Amino acid sequence: MAVTEEIPRRPQARESAARTYPHALPVVPVRARGLTIEDADGRRYLDCLSGAGTLALGHNHPVVLEAIRKVLDSGAPLSVPDLATPVEDAFVTELLRTLPPGLADRAHVRFCGPARTDAVAAAGTLVRAATGRTAILTFGEADADTGATASPGAGARAETPDAPAATGPSLPYPHDHRCPFGVGGPHGAELAARWTEAVLDGAVSAGGPVPGARGARTRQAAPGIPAGILLDPVQGETGVNPAPDGWMRRMRQITAARSVPLIVDESQTGVGRTGTFWAVEHSGVTPDVMILSRAIGGSLPLSAVVHRADLLDTDAPASHTGPFRGNQLAMAAGAATLAHVRHHRLAERAATLGARLLAQLRSLGQEFRCIGGVRGRGLMIGLELVDPEAESGPAHPGDGHASGAGNRTAGVPLPHGPAHDVTRTGTGPFTAGAARPPAPRLASAVQRECLRRGLIVGLGGRGTSVVRLLPPLTISDEQAAAVLDRLADALAAAARDHTGHPRQRRHDQPARPTRHRQEPGDPTGRTR
């Protein structure tokens with residue numbers, strides 16, 4: 001039995017069934033460098049999962065290894081919570097250099113436990129202490145691992161040991177393909193912004209419908225002015241949904257006018273991932289609080305909260321810090337990563353290459369009917385797979401369709417004029433009703449076919465129907481071409497098996513031949 005077949009069998013008897021990645025990706029990695037992972041049987045893969053976005057520079061980048069070795073060889077302590085050390089000082093100095101204008105010169109950094117959820121909880125504690133209020137509002141289908149929502153579309157939560165869980169209406173997040181108002185585009189984003197205003201101003205009654213809620217409409221009381229509003233500039237786990245820049249600016253205006261701290265979660269989007277160092281820079285928004293995790297540790301666990309210096313109650317208990325908030329190896333690796341991304345302008349590289357990949361994937365979307373949408377920003381990309389043979393229309397309420405769109409806008413002041421009459425048809429300039437049901441089984445088949453071709457991709461979105469690409473910022477043009485080839489071949493194979501047809505093309509285009517490329521940078525010349 002091959003090593004990669006034997007080792008994965010053992011955790012089934014010894015570890016929790018909650019393990020997720022091994023079920024879909026039965027790989028036993030033993031070596032890795034850059035984009036490439038090699039398993040115990042010598043097979044090599046191009047890794048577009050990147051440790052769930054933790055590897056901005058890919059696996060075992062030389063500058064990261066050098067920083068880690070330097071700390072190990074120095075004899076410095078490896079964990080010293082909240083004590084000032086040269087390593088911590090270097091990390092904070094480098095982090096402050098990268099922050100958006102308007103925040104860098106008045107920012108404080110608060111370390112917490114190593115997980116993203118630790119930073120979310122710490123941010124909640126911070127704004128509650130600063131405002132004296134309790135509710136933390138998030139947006140429908142906020143990322144699954146924030147701990148900020150009970151479930152997609154459900155009431156927002158930010159639970160802390162020193163404060164009860166606070167819930168409130170889930171706010172609608174703009175979405176072109178599956179707009180909660182059935183509109184999409186600028187009109188949908190404007191309605192989402194006005195709904196947020198209505199919730200904050202108490203215009204939405206306790207019996208009002210909540211856009212974006214799954215299944216039955218949720219009845220929740222409006223919380224009044226909350227302690228904070230938390231949003232993702234690009235929702236990652238729930239399908240790679242970028243927020244429009246105009247909507248981001250509206251959120252800043254709406255929260256500032258009501259003295260509500262704006263919390264932006266940059267855990268997945270930060271450190272150059274979306275084409276700017278921090279995703280808020282696309283819109284020019286300066287948040288009050290930023291949640292940082294994943295890539296800031298240079299592949300090691302590290303999380304932090306950056307906030308306005310005046311947003312602090314010094315008498316509040318220091319909660320949600322945790323014993324592992326002084327990980328010196330992670331700080332050293334993180335400082336090296338931040339500096340390398342900044343010095344080598346890798347954010348700009350991500351913007352250029354990401355735009356090219358999105359354009360090529362959208363061209364691929366014209367070939368395959370099973371691609372319902374291609375979206376993303378920089379090197380954070382998602383392909384939503386849909387049932388190519390199903391009738392157009394939503395899979396469930398809130399997917400964006402004409403029927404009932406007027407009801408979901410009840411109580412929200414709408415744009416005026418015939419061009420903005422979204423309550424009459426619910427379609428607007430964007431054909432939201434054309435969205436076909438998501439196809440999670442097809443997405444899983446594409447993931448398996450990618451793995452057979454030496455490509456590792458992630459899944460997310462509704463029913464895990466979105467294929468997610470998070471390649472390292474160091475990916476080369478040659479490697480990017482190989483990723484696209486392998487993904488196209490996997491799509492063709494999965495679509496054929498799913499439908500029983502040789503191809504599911506939108507047009508009469510010749511079938512793409514299966515490619516067996518030499519792996520970029522592989523001197524052995526192995527093929528997949």
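This structure is a prediction, so every number in the text was calculated from the model and none was measured. Count residues from 1 along the sequence. Just so you know, these numbers use all the heavy atoms, side chains as well, and skip hydrogens, waters and symmetry mates.
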Problem set entry | Test item: side-chain donor near acceptor, His175 and Asn241, under 3.5 Å | yes
Exercise. Does the side chain of Arg252 come under 3.5 Å of the side chain of Thr255 through a donor N or O and an acceptor N or O?
Worked result: yes
For this session: Indicate whether the side chain of Ser293 and that of Ser267 have a donor and an acceptor atom separated by less than 3.5 Å.
Result: no
Exercise. Quick one: do Arg377 and Asp245 make a salt bridge, cutoff under 4.0 Å?
Worked result: yes
Exercise. Say you draw a straight line from CD1 of Ile456 to SG of Cys450; how long is it, rounded to the nearest 0.5 Å?
Worked result: 10.5 Å
Exercise. Distance only, no hydrogens: is a donor on one side chain within 3.5 Å (strictly under) of an acceptor on the other, for Arg249 and Ser283?
Worked result: no
Problem set entry | Carboxylate-amine/guanidinium proximity below 4.0 Å for Glu449 and Arg486 | no
Exercise. In terms of side-chain heavy atoms, does Gln268 have a donor or acceptor partner in Glu237 at a distance below 3.5 Å?
Worked result: yes
Exercise. Side chain to side chain contact (heavy atoms under 4.5 Å, CB included) between Ile229 and Phe139: does it pass, once the steps are laid out?
Worked result: CA-CA 9 Å; Ile229 287 183; Phe139 291 82; 3.5 Å; yes
Exercise. Looking at Glu190 and Arg250, does any basic side-chain N land under 4.0 Å from a carboxylate oxygen?
Worked result: yes
Exercise. How about Glu266 and Thr269: does a side-chain donor come under 3.5 Å of a side-chain acceptor?
Worked result: yes
Problem set entry | Trp278 side chain vs Thr98 backbone, donor-acceptor pair below 3.5 Å | yes
Exercise. Would a distance-only check, ignoring hydrogens and angles, find a side-chain to backbone donor-acceptor pair under 3.5 Å from Arg468 to Gly460?
Worked result: no
Problem set entry | Presence of salt bridge, Arg436 and Asp387, under 4.0 angstrom | no
